[in-house]
Amino acid sequence: MRVSTVNHRIAALVLAAAALVTSACGEVARTGRSPAYLQIESLEGASGATPDEFGTTVSSDVLTLVEQDINGEKVRVPTIYGDIGRVTFRIGLKDPGPTGAPTTPSSLNAVTISRYRIVYRRADGRNTQGVDVPYAFDGAFTITVPPSGTAGAGFDLVRIAAKREPPLANLRDTSSAPGGAQFIATIAEITFYGKDQTGNDVSATGTMSVSFADFGDPQ
């Protein structure tokens, strides 16, 4: 009888574990009541000092010397730029239907994205905002991703305000006040929030490497 009871308990534990694994696999960032889910097809960023040079990683210059003509003389003026990101979305269906007759998304499955949130993290676990990493922030934009095809938008990846306060302000290297720490490597976790056309919440998260320093300035 004792062996039978133990076996029953083991079987119950195995079933419970299997249920947890199945549940975790089924989520895949597709939770919520909406029949559609949001896919990030591409996520890129660019330094504000070189806004046309997009890539999957960003070298964020905390202070850029920009050459300007002042009273007939060429002067390199310290300038702070915010960094920019761009993202492309696509809609998918949680129940795509059979292979031979796939389900087609309808206009109700279109997702309107209204805001995003960026949190910066370090691989070494030192993540105190305002000390080790810039403060997290929320931003707003409005874009509707159609049921078929893609839609893209730009957004603020690093705010100008973040470069005016610690820890990024501490990275500046000037002759009068050389920077303390020289380099901060982070992973920017970017979550986009929206709703489908029946009001169901939809979200998607992507990540990007963003490294902060007082980099060499373009000529």
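For the single chain, residues carry numbers from 1 onward in sequence order.
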Looking only at non-hydrogen atoms, find the nearest pair between Leu171 and Asp214 and report the distance.
O-CB, 3.5 Å
Holding to salt bridge (charged side-chain N to carboxylate O under 4.0 Å, His left out), I want the full list of residues that pass it with Glu165, two or more places apart in sequence or in another chain.
none
Taking the side chain as every heavy atom from C-beta outward, state whether Pro78 and Leu65 have any pair of such atoms under 4.5 Å apart.
yes
Would you say the side chain of Phe183 lies within less than 4.5 Å of the side chain of Ser211, judging by non-hydrogen atoms?
yes
Treating Thr64 as the side-chain partner and Val62 as the backbone partner, does any N or O pair qualify as donor plus acceptor under 3.5 Å?
no
Rest of the hydrophobic cluster containing Tyr135 (Ile/Leu/Val/Met/Phe/Trp/Tyr, side-chain heavy atoms under 4.5 Å)?
none
Would Leu38 and Ile113 satisfy side-chain contact (heavy atoms from CB on, under 4.5 Å), going step by step from the backbone distance to the final call?
CA-CA 10 Å; Leu38 191 63; Ile113 303 166; 3.7 Å; yes
CD (Glu53) and OG (Ser47) are apart, to the nearest 0.5 Å, by 8.5 Å
Identify every side-chain donor-acceptor pair in residues 82-93 under 3.5 Å, counting partners at least two apart or on other chains, and give the distances.
{"unit_1": "Asp83", "atom_1": "OD1", "unit_2": "Gly48", "atom_2": "N", "d": "2.8"}
{"unit_1": "Asp83", "atom_1": "OD1", "unit_2": "Lys163", "atom_2": "NZ", "d": "3.3"}
{"unit_1": "Asp83", "atom_1": "OD2", "unit_2": "Ser60", "atom_2": "OG", "d": "2.4"}
{"unit_1": "Asp83", "atom_1": "OD2", "unit_2": "Lys163", "atom_2": "NZ", "d": "3.1"}
{"unit_1": "Arg86", "atom_1": "NE", "unit_2": "Glu44", "atom_2": "OE1", "d": "2.9"}
{"unit_1": "Arg86", "atom_1": "NH2", "unit_2": "Glu44", "atom_2": "OE1", "d": "3.1"}
{"unit_1": "Thr88", "atom_1": "OG1", "unit_2": "Ser42", "atom_2": "OG", "d": "3.2"}
{"unit_1": "Arg90", "atom_1": "NE", "unit_2": "Glu41", "atom_2": "OE1", "d": "2.7"}
{"unit_1": "Arg90", "atom_1": "NH2", "unit_2": "Glu41", "atom_2": "OE1", "d": "2.9"}

Throw together a table of side-chain donor-acceptor distances under 3.5 angstrom for residues 136-157, partners on residues two or more places apart or in other chains.
{"unit_1": "Asp138", "atom_1": "OD1", "unit_2": "Arg117", "atom_2": "NH1", "d": "2.5"}
{"unit_1": "Asp138", "atom_1": "OD2", "unit_2": "Arg115", "atom_2": "NH1", "d": "3.2"}
{"unit_1": "Thr144", "atom_1": "OG1", "unit_2": "Thr112", "atom_2": "OG1", "d": "2.9"}

Ile184 vs Thr186 side-chain heavy atoms within contact, under 4.5 Å:
yes
Rounded to the nearest 0.5 Å, how far does CG of Asp61 lie from CZ of Arg172?
11.0 Å
Members sharing Val131's hydrophobic cluster (side chains within less than 4.5 Å):
none
Look at the side-chain heavy atoms of Ile, Leu, Val, Met, Phe, Trp and Tyr, link any pair under 4.5 Å apart, and say whether Ile40 and Val111 land in one connected group.
yes
What pairs meet the side chain to side chain donor-acceptor pair (under 3.5 Å) rule with one or both residues in residues 95-105, with sequence neighbours excluded?
none
If you look at every heavy atom in Glu67 and Lys74, which pair is closest and at what distance?
OE2-CD, 3.8 Å
Examine Leu168 and Val119 and state if one hydrophobic cluster contains both, with Ile, Leu, Val, Met, Phe, Trp and Tyr joined whenever side-chain heavy atoms are less than 4.5 Å apart.
no
Less than 4.5 Å apart, side chain to side chain, heavy atoms only: is that true for Ile190 and Leu43?
yes
Taking the side chain as everything from C-beta on, heavy atoms only, tell me whether Val66 gets closer than 4.5 Å to Tyr81.
yes
Is there a path from Ile187 to Phe54 through hydrophobic residues (I, L, V, M, F, W, Y) whose side chains come within less than 4.5 Å of each other?
no
Distance (rounded to the nearest 0.5 Å) between Glu189 CD and Thr207 OG1
7.5 Å
Side chain to side chain contact (heavy atoms under 4.5 Å, CB included) against Ser114, all qualifying residues, sequence neighbours excluded
none
Residues in side chain to side chain contact (heavy atoms under 4.5 Å, CB included) contact with Asp124, at least two apart in sequence or another chain
Arg122, Arg126
Side-chain contact, heavy-atom cut-off 4.5 Å: Pro167 with Phe212?
no
Would you please name every residue forming a side chain to side chain contact (heavy atoms under 4.5 Å, CB included) with Ser59, sequence neighbours left out?
Phe215
Can Val133 and Arg121 be said to form a side-chain contact (heavy atoms from CB on, under 4.5 Å), step by step?
CA-CA 7 Å; Val133 295; Arg121 307 186 191 281; over 6 Å; no
Sequence neighbours excluded, the answer for side-chain hydrogen bond (donor to acceptor under 3.5 Å, both in side chains) partners of Asn200 is Asp196, Thr198
Checking Ser106 now: which residues fulfil side chain to side chain contact (heavy atoms under 4.5 Å, CB included) with it, not counting sequence neighbours?
Leu108, Asn109
Looking at every heavy atom in both Pro96 and Lys94, which two are closest together, and how far apart are they?
CD-O, 3.3 Å
For Thr191, check side-chain hydrogen bond (donor to acceptor under 3.5 Å, both in side chains) against everything at least two apart and list the hits.
Thr205
